[in-house]
Amino acid sequence: MTYTDDPRLLVIEDRLKSVRSIVPVMSSKGGVGKTLVASLLALISVENGLRTGLLDLDITDPSTHIVLGIDPSKIQPVEEKGVIPPKIHGIEFMTITYYSQENPIPLRGFEVDNVIRELLAITRWGELNILFIDTPPGLSDESLDVLTYFRNPKPIVVTTPSPLSIRSVEKLLTVLIEQEIDILGIIENMVLAETSSNIYSLCRKFDVRYIGKISYDPSIDGVLGDIASIKNTLFYKDLKEVFKQIEKALI
């Protein structure tokens, strides 16, 4: 696809020109905590004084607004030569739910990609230090094609110690490396004890940075949407340490 085929691609490039670091948060399968990691990394980034954006591109099942405790029906983004992302908890936050509300969005692959392009083309980010993107899970076209719309994306891959998750991540890393994507690193979520030696082996095999681990925290599901309570969880404490490694990797 070229700019001639779809002029929105040129618009997207212009919209993102003042974003210093674009960090897609990816997973090879659902259920590993990708959305939670993406949402709370944005919150931690703001706490560290960075101008931060969060974009939910999981079009058919957006849920970052649930993590952040947002009722999309009560928010109307400002439209001025595009759409200005509302500021939520200090985060410049954009999601399709401002328009779809909580209604299901039954779209096929090519339709999802079209919505992603439209959302990217209309959103005015301005100057940001970092933009986190919650991407669709898996190895579908829309989850991988979206990387081609960004200048020098640095994806984070989220996994769990589960053998099934690790095997699935290996496929994702293979595809990303084949596409010559600069992978920022791997975050290991839901760790019950020590870091899995299998994940360390995976990092060595693909020459990918191990960013850090997040302990299994059964309390986190019960406080979603309550930012004050989230900040008191073990999950959030561990993720703050992970964020320090992300900052170092981006310098």
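Please read these numbers as outputs of a predicted model, since none were measured by experiment.
Relative orientation of the Phe93 and Tyr98 rings is perpendicular, given thresholds of 30° and 60° on the angle between their planes.
Each salt bridge (Lys or Arg N to Asp or Glu O under 4.0 Å) pair with one or both residues in residues 15-42, not counting sequence neighbours, appears once here: Asp14-Lys17, Lys34-Asp134. The salt bridge (Lys or Arg N to Asp or Glu O under 4.0 Å) contacts involving residues 168-178 comprise Glu170-Lys205, where partners must be two or more places apart or lie in separate chains. Here side-chain hydrogen bond (donor to acceptor under 3.5 Å, both in side chains) pairs that include residues 118-132, with residues two or more places apart or in two chains, are Arg8-Glu118. Among residues at least two apart or in separate chains, salt bridge (Lys or Arg N to Asp or Glu O under 4.0 Å) pairs with a member in residues 144-159 are Lys154-Asp182. Listed by first and then second residue, the salt bridge (Lys or Arg N to Asp or Glu O under 4.0 Å) pairs involving residues 225-239 are Glu47-Lys231 (not counting sequence neighbours).
The hydrophobic cluster containing Ile84 also includes Val78, under a criterion of side-chain heavy atoms closer than 4.5 Å among ILVMFWY residues, counted directly or through chains of members. Here Tyr216 is tied into one hydrophobic group with Met190, Leu192, each link being a pair of ILVMFWY side chains closer than 4.5 Å.
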Donor-acceptor pairs are to be reported for all side-chain atoms of residues 244-251 against protein atoms at under 3.5 Å, with residues two or more places apart or in another chain.
unit_1	atom_1	unit_2	atom_2	d
Lys244	NZ	Glu241	OE2	3.1

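For the side chain to side chain donor-acceptor pair (under 3.5 Å) test, residues two or more places apart in sequence or in another chain that qualify with Asp71 are Ser73. Every residue two or more places apart in sequence or in another chain was checked for a side chain to side chain donor-acceptor pair (under 3.5 Å) with Ser39, and none qualifies. Qualifying side chain to side chain donor-acceptor pair (under 3.5 Å) partners for Asn152, counting only residues two or more places apart in sequence or in other chains: none. Thr233 meets the side chain to side chain donor-acceptor pair (under 3.5 Å) test with no other residue; sequence neighbours excluded.
Using a 4.5 Å heavy-atom cutoff, the side chains of Ile59 and Leu119 are in contact.
Among Thr95, Leu120, Ile22, Thr135, the single residue meeting the side-chain contact (heavy atoms from CB on, under 4.5 Å) criterion with Leu55 is Leu120.
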